[in-house]
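Remarks on the structure that follows.
Since the structure is predicted, the reported quantities are computational estimates derived from the model, not experimental observations. Below, chains carry the letters A, B, ... as their sequence lines are ordered, and counting in each starts from 1.
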Amino acid sequence: MNTDDLQLKRATSSALLSLLNLTALPVIGFIGLLYVYSKTKPNTIDRYYAVVGIKTSLLAGIALLLVTLLVILLGGFESPLTWVYVTSYFVIVHASFILFATWTLTRSWTGEKLKRQILSK
Amino acid sequence: MKYESQGIAKMYFIAAIALFVGQILFGVTMGLQYVMGDFLFPEIPFNAARMVHTNLLIVWLLFGFMGSAYFLVPEEAERELYAPWLAKLMFWIFLVAGGLTILGYLLVPYARLAELTMNDLLPTMGREFLEQPTITKIGIVIVALAFVFNIGMTVLTGRKTVINLVLLTGLVGLAVFFLFSFYNPDNLVLDKYFWWFVVHLWVEGVWELIMASLLAYVLIKVTGVDREVIEKWLYIIIAMALISGLVGMGHHFFWIGAPAYWQWLGSVFSALEPIPFFMMTLFAFSVVNKRRRDHPNKAAVLWALGTAVMAFLGAGVWGFLHTLAPINYYTHGTQITAAHGHMAFYGAYVMVVLTMISYSMPLMRGKKAANVTAQKLEIRSFWMMTLSMVAITLLLTAAGTMQVYLQRYSAEPLPFMIVQDKLAIFYWLREVAGLIFLSGLFLYIYSFFAKGKEVEFIAEQAE
């Protein structure tokens with residue numbers, strides 16, 4: 001396997017691990033992501049996707065776990081309004097992160113960076 | 001448009017949109033009845049409005065699927081439709097029968113309607129979504145058989161592609177599974193089994209095949225990605241839809257008197273049900289990323305991507321939210337179900353029909369794509385309808401969560417109607433979102449008549 005193919009494979013793996021971290025394999029996916037990151041070199045496409053994956057995972061961790069815990073602590077475990085907010089917030093934010101990670105995965109398959117206009121000009 | 005008979009789709013699409021307007025009008029009427037119980041009573045009682053709202057949804061989606069098939073199949077099969085006259089005849093039969101049934105719901109008490117239509121000879125009425133009089137059900141079967149015959153003969157005597165074969169499989173399933181609506185056992189639990197054999201095997205089974213094939217067709221057309229790539233995706237998606245969806249039906253058998261093993265089967269298999277919808281999102285993003293051309297019909301591309309995303313959210317995420325038996329123990333039949341139902345139907349089926357209309361209507365009107373102004377308005381209507389549906393879903397989710405807590409979880413559970421009063425703020429906000437949705441729908445219709453600058457494109461790109 002030449003360097004380009006290897007980099008593309010690692011880029012795809014990073015995007016996939018980030019998606020898995022958000023869905024079926026939380027934490028395990030993130031550890032995998034750190035491992036892939038350790039194999040990459042600066043200014044390469046695989047490093048780019050590993051960094052995107054790590055940032056997405058950390059941001060998702062804060063948005064989903066920390067914010068949710070704070071709401072429960074501040075709102076009170078026994079308040080129905082706390083659960084109204086937590087359920088709606090968690091579902092929509094979690095789904096948004098999954099959709100972003102899905103888009104990232106499809107972009108990694110092309111071997112290019114994230115930015116591309118979805119609709120033509 | 002390559003084949004003249006594809007133009008038959010136009011009459012089906014126009015009828016579909018007209019019935020869609022009716023569905024939403026009854027939806028906002030009902031929305032108001034949630035907070036003003038005597039609104040339009042006794043002229044349009046809540047139960048009649050609900051029946052019209054849900055039945056119109058099914059009927060207009062069927063018109064949309066039929067129109068989509070009449071447009072798609074000749075092009076895929078590379079031949080004219082087998083019997084265009086039959087398609088036109090069935091259109092009028094279906095429209096008149098559907099119209100009379102809706103008028104029956106509105107003008108005659110339901111029990112009297114059952115008497116008038118001689119329901120006692122073969123009782124099939126009185127079940128949610130399948131309220132149609134037996135004679136209407138027989139009419140639906142005749143229309144469906146004629147439709148499947150017409151489409152089937154076109155496919156079988158023409159070019160066979162993965163897209164038209166998957167579509168045909170879905171349409172045959174649609175016709176066959178409806179036959180379960182004619183069996184109405186006295187045992188209520190047994191009745192629910194057969195009722196779900198229609199409802200579930202439609203929306204979480206064969207309709208997914210129809211949806212995936214329509215989406216695949218539009219994506220081939222607007223992205224220019226190789227058919228082979230799209231066909232591989234289609235195979236995997238429909239396999240996953242059937243693997244998860246058939247046994248996933250078990251999630252409807254919780255707490256209705258069915259054996260307890262359904263709690264395991266239903267939970268495990270329906271936890272897999274988001275996978276095909278997730279794959280559709282992955283598929284749509286992927287082919288749009290790899291597109292070989294920028295199609296001039298931007299609105300159709302947006303509808304196609306929107307379908308994949310909203311189907312994943314509505315059917316996948318919101319379905320998973322309450323599908324596991326221990327959670328469903330609390331959420332069964334609450335507003336959480338209504339939240340899921342609204343976004344799933346809109347995301348998966350309404351949007352895929354609108355995608356087909358968006359792609360095909362300009363072609364049937366002799367253009368490659370609608371003019372710039374029309375597309376801008378259509379895109380605006382997309383966002384109005386989609387965002388208001390997200391709002392409706394979130395508000396119903398909030399209402400449902402509150403309902404579960406107050407009515408089923410708290411130490412001192414409150415009665416149903418007391419809880420409903422406490423949810424009024426969510427229902428008012430849902431009504432506002434419903435009115436925005438209705439405005440978006442009117443804007444969508446207006447976009448077909450808007451005049452403006454024609455889009456610029458390279459001729460061969462838009463084929």
Checklist line | Cation-pi, A/Tyr49 ring and A/Arg10 (6.0 angstrom, 45 degrees) | finding: no

Next item on the list: Using distance alone, with no hydrogens and no angle criterion, decide if B/Glu273 and B/Thr323 have a side-chain donor and acceptor under 3.5 Å apart.
Entry: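 Absent: no donor and acceptor within the cut-off.
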
Note to self: Ring centroids only, cut at 6.0 angstrom: are B/Tyr409 and A/Trp83 within range, meaning strictly under it?
What the structure shows: no

Can you tell which part of [X] gets under 4.5 Å to a heavy atom of chain A, answering side chain, backbone, both or neither?
| X | value |
| --- | --- |
| B/Phe426 | side chain |
| B/Leu321 | side chain |
| B/Leu406 | side chain |
| B/Leu282 | both |
| B/Phe312 | side chain |

Checklist line | Shortest non-hydrogen contact from B/Met240 toward B/Met279 | finding: CG-SD, 3.9 Å

Notebook entry, point to check: Is the number of heavy atoms from other residues, nucleotides or ligands under 6.0 Å of B/Arg408 CZ greater than 12?
Noted result: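 Correct, the count exceeds 12.
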
Measure [X] against the heavy atoms of chain B and call it side chain, backbone, both or neither at under 4.5 Å.
| X | result |
| --- | --- |
| A/Ser88 | both |
| A/Leu99 | both |
| A/Thr104 | neither |

Checklist line | Top contributor to chain B interface from A/Leu105, A/Val91, A/Leu81, A/Thr110 [non-hydrogen pairs under 4.5 Å] | finding: A/Val91

Margin query: Quick check for you: among A/Leu19, A/Thr23, A/Val86, which has the greatest number of heavy-atom pairs under 4.5 Å with chain B?
Written below: A/Leu19

Note to self: Would you call the rings of B/Tyr359 and B/His295 parallel, tilted or perpendicular, taking 30° and 60° as the class edges?
What the structure shows: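 Geometry flag for B/His295 against B/Tyr359: tilted rings.
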
Next item on the list: Look at the aromatic rings of B/Trp303 and B/Phe382 and report parallel, tilted or perpendicular, splitting at 30° and 60°.
Entry: perpendicular

